[in-house]
Student: 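Below: one structure in structure tokens.
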Amino acid sequence: MIPVAYYLTTSFVLFVVGMYCLAVKRNMIKLIIGIEILTSAANLNFIALSAYGKPGEVDPLGHTFAIMSIVIGACVVAVALTIAVHAYRHYKTLDVRELKRLRW
Amino acid sequence: MILTWPIDILVLFAVTTPIAYLAGTKLRVEKLADTWSVIGFIFSIISLYFLYQEVSVGRIITYYWAGQQLRGVAMLKIDMLGVFMAGIFLFIGLLTAIYSVRYMEHDSGHAEYYTLLLLMVSGMVGVAFAGDFFTFFLFWELMCITSYVLVAFRKEKWEPIEAGFKYFVMSSAGSATVLFAMSILYGMTGSLNFAYLSTTLSTSASPWSVLAMAMIVTGLGVKAAIVPFHSWLPDAHPAAPSSISAMLSGVVIKTGVYGLVRIMILVFAPDAYHWQFALAILAVLTMTVGNLMALLQSDLKRLLAFSSIGHIGYILFGLSAATIYGLTGGLFHVMNHAMSKALLFLCSGAFLLAIESRNLDDLAGIGRKMKITGLVFIIGALALAGVPPLNGFQSEFMILLAGIQNGAGNGTWYWLSAIMIMNILFSVAYYLRLVQILILKEPSSLASKAKEAPMSMLFPMVILAIMCIIVGVYPGPFVDLANKAAQAAFNLDVYVKSVVG
């Protein structure tokens with residue numbers, strides 16, 4: 001069995017990658033992907049930790065939370081993509097630097 | 001009853017609002033969807049009152065909404081603190097719905113608007129009632145998603161779209177951070193119930209739990225607009241329709257504060273984690289930045305948004321004292337700020353409807369043309385400035401006293417309280433500047449054409465102004481409510497025992 005530390009490290013790396021994506025990327029779609037990476041880091045944590053709580057047993061609570069979080073993530077992304085589509089209609093670009101007033 | 005009556009009624013009315021709208025267009029009944037949602041809010045407030053009667057005697061209602069008692073998951077736990085916050089949310093929600101009937105008249109999409117408004121309030125009430133992180137996160141995201149859409153509601157203009165996207169990116173990054181912290185807490189304890197977490201974590205701090213605490217403060221701080229994470233607020237709040245600005249500035253950011261109050265006291269007990277001082281520094285930073293920036297603005301709604309950041313600083317300072325008295329002041333200020341800031345945003349909406357401008361130069365002297373709106377605007381501005389016979393003074397004074405009381409143990413608190421006093425004096429400057437520009441100046445060419453707002457928009461504003469005066473002159477029962485709520489927050493034994501046994 002793979003030690004839990006590997007999963008934790010991976011999820012931390014994913015979290016950092018997501019934050020880096022939000023800080024550096026300038027494309028709206030890439031920002032939305034960054035949010036998704038952040039959420040999946042947490043989901044991975046839930047799934048991994050649910051298996052390591054008691055030896056030989058998998059806790060359903062972690063899975064429940066992960067599934068719910070995926071569903072909510074889908075809703076969030078749907079809303080975000082809608083906003084991105086409307087932004088594209090206004091500016092004909094997805095580059096957030098082109099948006100006039102926002103200071104990113 | 002699925003999720004206790006107040007939430008059930010809100011969700012039910014939210015789902016049926018589109019049907020009401022369709023029926024209204026078919027039967028040619030005007031504003032049926034609008035009236036329908038107002039009725040929903042009224043019913044919800046009535047059912048909340050029954051909950052209050054049960055809870056006010058010190059009982060805590062525990063309710064498993066998923067039907068089975070799976071280790072404290074999917075649980076609603078209603079105590080005085082939850083009812084207090086839910087009462088504020090529903091009250092402002094009702095007045096906003098009444099106001100929107102005329103304010104949103106010329107916009108399309110009434111069915112969506114009222115559905116989203118009802119769902120947003122039900123999300124906030126759910127957050128206030130949540131007894132575990134599962135429920136908390138579910139309702140938290142319900143509130144967040146609907147508020148993204150509501151900020152970007154007028155999608156034909158560029159500003160709401162930009163602000164909506166910025167709000168989305170920052171706020172959902174905050175939510176993801178909270179989610180990550182929840183996963184760490186879950187890994188440490190194997191449970192997500194507040195009471196279970198409290199029994200296992202609140203005795204001693206470990207590196208992991210401190211990391212989780214830092215992430216939760218960050219994540220909820222984004223929503224509450226604590227200073228390093230505040231930059232979405234001055235864009236998002238002005239861009240939304242004014243009725244929604246009143247909701248966002250009045251109550252949605254308070255949901256973040258509520259989450260902090262609940263989690264920081266219950267799960268990360270102040271005796272073991274010693275977060276008081278760090279939070280106080282954040283609070284002082286928040287109020288200073290908010291008030292300084294507010295002075296520089298020339299856009300009315302943007303100024304009000306920055307002053308919201310300043311007031312979040314005051315509330316946070318009350319919480320960071322970590323005493324019942326300080327939290328009473330903080331919660332009392334949550335209520336007062338919700339009322340007076342909602343009042344000011346509703347007034348700015350009336351100005352906006354009259355002359356289509358938010359610029360202070362255009363708005364000069366508009367209070368002379370719109371007399372009632374101008375009068376209630378003065379009351380709201382003075383209340384926020386903390387002028388004695390109005391409500392803001394009472395709660396700011398309590399928060400200050402709590403800070404000074406803490407100074408007996410640690411002298412630095414005297415300095416922090418002194419900074420808060422300076423902030424309050426400083427904020428008086430820009431509120432008086434607002435009053436001077438809007439009321440005393442000669443009307444500008446645009447403002448001289450303004451007409452008084454219609455009756456149904458004046459009604460919620462006048463109610464809020466009267467409430468500001470009543471709470472200021474006769475604060476007893478309201479302080480009592482806030483005190484009960486603060487005691488419920490600190491009454492860990494009862495809360496934990498009602499779940500763990």
Side-chain angles (χ1 to χ4, degrees), chain A residues 4 7-8 11-12 14-15 18-19 21-23 28 31-32 34-50 52-54 59-62 64-66 68-69 71-73 75-80 82-91 96 99-104, chain B residues 66 70-74 132-135 137-138 140-142 144-149 151-152 155-193 208 211 215 231-232 234-235 239:
Chain A
V4 69
Y7 289 109
L8 285 180
S11 74
F12 265 102
L14 273 180
F15 194 81
M19 278 295 173
C21 182
L22 289 185
M28 280 185 158
L31 289 173
I32 296 171
I35 300 283
E36 277 300 281
I37 295 174
L38 283 179
T39 326
S40 16
N43 288 346
L44 175 66
N45 239 355
F46 270 112
I47 299 290
L49 291 169
S50 71
Y52 286 89
K54 285 181 200 150
D59 184 14
L61 173 57
T64 320
F65 208 117
M68 190 196 70
S69 148
V71 172
I72 288 176
C75 301
V76 169
V77 168
V79 168
T82 317
I83 298 177
V85 166
H86 281 292
Y88 185 76
R89 285 189 189 152
H90 279 278
Y91 296 104
V96 287
L99 304 191
K100 273 178 246 161
R101 228 184 46 169
L102 290 189
R103 277 166 247 116
W104 287 83
Chain B
L70 179 75
R71 287 168 37 221
V73 183
D132 65 313
F133 272 118
F134 188 85
T135 321
F137 187 71
L138 194 68
W140 182 262
E141 286 293 326
L142 176 62
C144 287
I145 292 170
T146 46
S147 63
Y148 305 149
V149 185
V151 167
K155 55 188 187 301
E156 62 278 3
K157 291 186 197 142
W158 62 272
E159 195 194 353
I161 292 288
E162 278 191 30
F165 193 75
K166 185 174 187 181
Y167 177 39
F168 157 77
V169 169
M170 295 199 66
S171 178
S172 51
S175 302
T177 314
V178 176
L179 189 65
F180 200 85
M182 286 177 197
S183 71
I184 292 173
L185 290 178
Y186 170 68
M188 288 176 71
T189 62
S191 171
L192 284 166
N193 191 293
W208 284 102
L211 176 69
M215 283 183 136
S231 62
W232 60 271
D235 287 326

Student: Identify which part of B:L211 has an atom lying under 4.5 Å from any heavy atom of chain A, answering side chain, backbone, both or neither.
Tutor: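 It is the side chain, since no backbone atom gets that close.
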
Student: Check whether any side-chain heavy atom of B:F165 lies under 4.5 Å from a side-chain heavy atom of A:H86, and answer yes or no.
Tutor: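 With C-beta onward as the side chain, the pair stays apart.
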
Student: Select one option (side chain, backbone, both, neither) describing which atoms of A:L8 are under 4.5 Å from chain B's heavy atoms.
Tutor: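 For A:L8, side-chain heavy atoms alone lie under 4.5 Å from chain B.
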
Student: Please indicate whether A:F12 has more than 12 foreign heavy atoms, meaning atoms of other residues, nucleotides or ligands, lying under 6.0 Å from its CZ.
Tutor: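 Counting other residues, nucleotides and ligands, CZ of A:F12 exceeds 12 neighbours.
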
Student: Please classify the contact between B:L142 and chain A as side chain, backbone, both or neither, with a heavy-atom cut-off of under 4.5 Å.
Tutor: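 B:L142 has no heavy atom closer than 4.5 Å to chain A.
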
Student: Is there a side chain to side chain contact (heavy atoms under 4.5 Å, CB included) between B:M182 and A:F65? Walk through the geometry before answering.
Tutor: CA-CA 10 Å; B:M182 286 177 197; A:F65 208 117; 3.6 Å; yes

Student: Going from CD1 on B:I161 to CZ on A:R89, what distance comes out if it is rounded to the nearest 0.5 angstrom?
Tutor: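 Output value for this atom pair is 9.5 Å.
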
Student: Sort B:S175 into side chain, backbone, both or neither according to what part of it lies under 4.5 angstrom from a heavy atom of chain A.
Tutor: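 Neither the backbone nor the side chain of B:S175 comes within 4.5 Å of chain A.
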
Student: Identify the two heavy atoms, one from B:S183 and one from A:A42, that lie closest to each other, and give their separation to 0.1 Å.
Tutor: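 Residues B:S183 and A:A42, closest heavy atoms: CB-O, 3.9 Å.
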
Student: Say whether B:Y186 and A:D59, considering side chains only, have a donor N or O and an acceptor N or O under 3.5 Å apart.
Tutor: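 Side-chain D/A pair, B:Y186 to A:D59: present.
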
Student: With a 4.5 Å heavy-atom cut-off, do A:N45 and B:L179 have their side chains touching?
Tutor: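 The answer is no; the side chains never approach within 4.5 Å.
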
Student: If you apply the rule side chain to side chain contact (heavy atoms under 4.5 Å, CB included), what do you find for B:M188 with A:L49, and how did you get there?
Tutor: CA-CA 9 Å; B:M188 288 176 71; A:L49 291 169; over 6 Å; no

Student: Distance check, rounded to the nearest 0.5 Å: B:M170 atom CE versus A:L22 atom CG?
Tutor: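 Nearest 0.5 Å value for the CE-CG distance: 9.5 Å.
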
Student: Which bit of A:M19 comes within less than 4.5 Å of chain B, counting heavy atoms only: side chain, backbone, both or neither?
Tutor: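 Side chain only.
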
Student: Nearest 0.5 Å, what's the OG1-CD distance between A:T39 and B:E141?
Tutor: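 Going from the OG1 atom of A:T39 to the CD atom of B:E141 covers 8.0 Å.
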
Student: Identify the heavy atoms of A:I35 and B:A173 that sit nearest to each other, and give their distance.
Tutor: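 Closest approach of A:I35 to B:A173, heavy atoms only: CD1-N, 3.7 Å.
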
Student: For B:S172 and A:V76, work out which heavy atoms get closest and say how close.
Tutor: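 Smallest interatomic distance, heavy atoms only, reads CB-CG1, 4.4 Å.
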
Student: Which atom names give the shortest non-hydrogen contact between A:C75 and B:I145, and what distance separates them?
Tutor: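 The answer is CB-CD1, 3.7 Å.
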
Student: Mind checking the CG-CD1 spacing from B:L138 to A:I72? Nearest 0.5 Å is all I need.
Tutor: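 Between B:L138 CG and A:I72 CD1, I get 5.0 Å after rounding to 0.5 Å.
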
Student: Would you check if A:V79 and B:F168 make a side-chain contact, meaning some heavy-atom pair closer than 4.5 Å?
Tutor: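 They are not in side-chain contact.
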
Student: If I take atom OG from residue A:S69 and atom CZ from residue B:F134, how far apart are they, to the nearest 0.5 angstrom?
Tutor: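 It is 10.0 Å, given to the nearest 0.5 Å.
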
Student: Below 4.5 Å, heavy atoms only, C-beta onward: do A:F46 and B:F180 meet side chain to side chain?
Tutor: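 No, every pair of side-chain atoms sits at 4.5 Å or beyond.
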
Student: What is the distance from atom NZ of B:K157 to atom NE2 of A:H90, rounded to the nearest 0.5 Å?
Tutor: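 One finds 10.5 Å between NZ of B:K157 and NE2 of A:H90.
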
Student: Answer with side chain, backbone, both or neither: which region of A:T82 has an atom nearer than 4.5 Å to a non-hydrogen atom of chain B?
Tutor: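 No part of A:T82 comes within 4.5 Å of chain B.
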
Student: Between B:M215 and A:F15, is any pair of side-chain heavy atoms under 4.5 Å apart?
Tutor: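 B:M215 reaches A:F15 side chain to side chain.
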
